[in-house]
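First listed ligand is number 1; within each ligand, the first listed atom is number 1. In what follows, every heavy atom counts, from backbone to side chain, and hydrogens, waters and symmetry copies are set aside. Source: prediction; values computed, not measured.
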Amino acid sequence: MPQLSRDMTIAQARRALADAFRQAELDSPELDARLLAGHALGLDHTGLTRESSRSLNATEAQALSALAARRLTREPVARILGHKEFWGLTLRLNEATLVPRPETETVVEAALAAIDRDGPRTRALRIADLGTGSGALLAALLHELPNASGIGTDVSREALAAARDNADRLGLLARAEFISSDFGAVLTGTFDLVVSNPPYVASGDMAALPPEVRLDPRRALDGGADGLDCYRTIVGQAPRLLKPDGHMVVELGIGQEPAVAMLFRAAGLAPSPARPDLSGIPRALHVRVATMTP
Ligand SMILES: C[S@@+](CC[C@H](N)C(=O)[O-])C[C@H]1O[C@@H](n2cnc3c(N)ncnc32)[C@H](O)[C@@H]1O
């Protein structure tokens with residue numbers, strides 16, 4: 001546990017935290033130290049730099065120590081802060097929401113690439129986000145597509161409340177609706193774009209997840225015996241939800257592309273090769289109705 005005391009400068013406190021996080025083998029010790037210091041002191045990145053040689057007072061030292069102790073128990077920074085950046089947007093989290101992951105931005109990229117191929121982003125598109133969680137995917141897409149409107153579904157009422165709150169704070173609520181549904185089960189009409197990042201961890205792999213991930217709600221992660229249960233549900237709904245020239249983009253877990261693509265093909269849909277994330281992992285599977293050229 002880092003010993004932070006009053007009279008330590010902000011720069012020294014950040015270094016002490018980063019050293020402790022490095023010793024504990026956390027993935028991004030400097031970044032975590034900066035984010036927690038900023039949160040405890042109410043300073044953004046620029047403020048932390050500007051005030052780096054100022055000494056902490058006793059209250060600040062205590063507050064920052066408490067946050068560091070939580071991080072050392074492997075509580076994710078986003079959970080400690082209560083929010084996470086996704087696609088440049090700040091999303092508030094609660095206990096029912098998954099912390100949005102950077103790799104999920106690949107789904108946004110794939111969806112926008114598909115939309116861009118068909119015409120301008122200013123079209124009045126209709127979007128569905130199945131298993132919306134914090135509303136990350138729908139918020140990012142509505143942010144990029146100024147005349148689109150969308151529906152986010154989830155089985156968690158707490159997650160839907162967080163998604164609604166996020167859309168409201170981002171000025172998107174006039175174009176967004178959030179409803180309780182088993183993925184697309186209660187949706188009516190057809191959509192230009194359907195996106196989903198479903199739970200896809202095989203139940204047997206849940207216990208081996210890193211400590212940070214285990215704080216995410218189980219129903220946001222557990223995809224059943226082979227991890228594919230939610231894809232089966234979504235694939236079954238896809239033909240009814242998609243316009244004939246519509247697009248679906250789903251996030252994939254590692255190694256799931258062949259099995260998920262096969263599910264879509266069996267339902268008469270046409271998947272393209274998955275778009276890789278920044279680590280080169282096939283992550284976002286784009287699917288069209290089979291009669292359309294992918
Ligand atoms: C992996 S999380 C994705 C959350 C968010 N879309 C994101 O990418 O950060 C999966 C989400 O699906 C929701 N979910 C699980 N089963 C569901 C179901 N049968 N119908 C609708 N949503 C479901 C979970 O509550 C969770 O919010």
K.L.:
Write down, by chain and number, every protein residue that brings a non-hydrogen atom to less than 4.0 Å from an atom of ligand 1.
P.N.:
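Answer by chain and number: Leu98, Pro100, Thr104, Gly131, Thr132, Gly133, Asp154, Val155, Ser181, Asp182, Phe183, Asn197, Pro198, Pro199, Arg219, Ala220.
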K.L.:
Please, which pairs that meet ring-ring contact (aromatic ring centres under 6.0 Å, His included) have at least one residue in residues 212-242, sequence neighbours excluded?
P.N.:
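Matches after skipping sequence neighbours: none remain.
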K.L.:
How long is the span from the OG1 atom in Thr90 to the NZ atom in Lys84, to the nearest 0.5 Å?
P.N.:
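These two atoms lie 11.0 Å from each other.
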K.L.:
Look at the side-chain heavy atoms of Ile, Leu, Val, Met, Phe, Trp and Tyr, link any pair under 4.5 Å apart, and say whether Val195 and Val235 land in one connected group.
P.N.:
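Different clusters: Val195 never reaches Val235 through Ile, Leu, Val, Met, Phe, Trp or Tyr contacts under 4.5 Å.
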K.L.:
Sort and list the pairs that fulfil ring-ring contact (aromatic ring centres under 6.0 Å, His included) and have at least one residue in residues 173-218, not counting sequence neighbours.
P.N.:
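Checked against ring-ring contact (aromatic ring centres under 6.0 Å, His included) - neighbours excluded - no pair reaches residues 173-218.
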K.L.:
Is Leu89 reachable from Val99 through a run of hydrophobic residues whose side-chain heavy atoms are each under 4.5 Å from the next?
P.N.:
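No, no single cluster joins them.
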K.L.:
Kindly state each residue pair satisfying ring-ring contact (aromatic ring centres under 6.0 Å, His included) with at least one member in residues 38-62, sequence neighbours excluded.
P.N.:
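Not a single pair qualifies under ring-ring contact (aromatic ring centres under 6.0 Å, His included).
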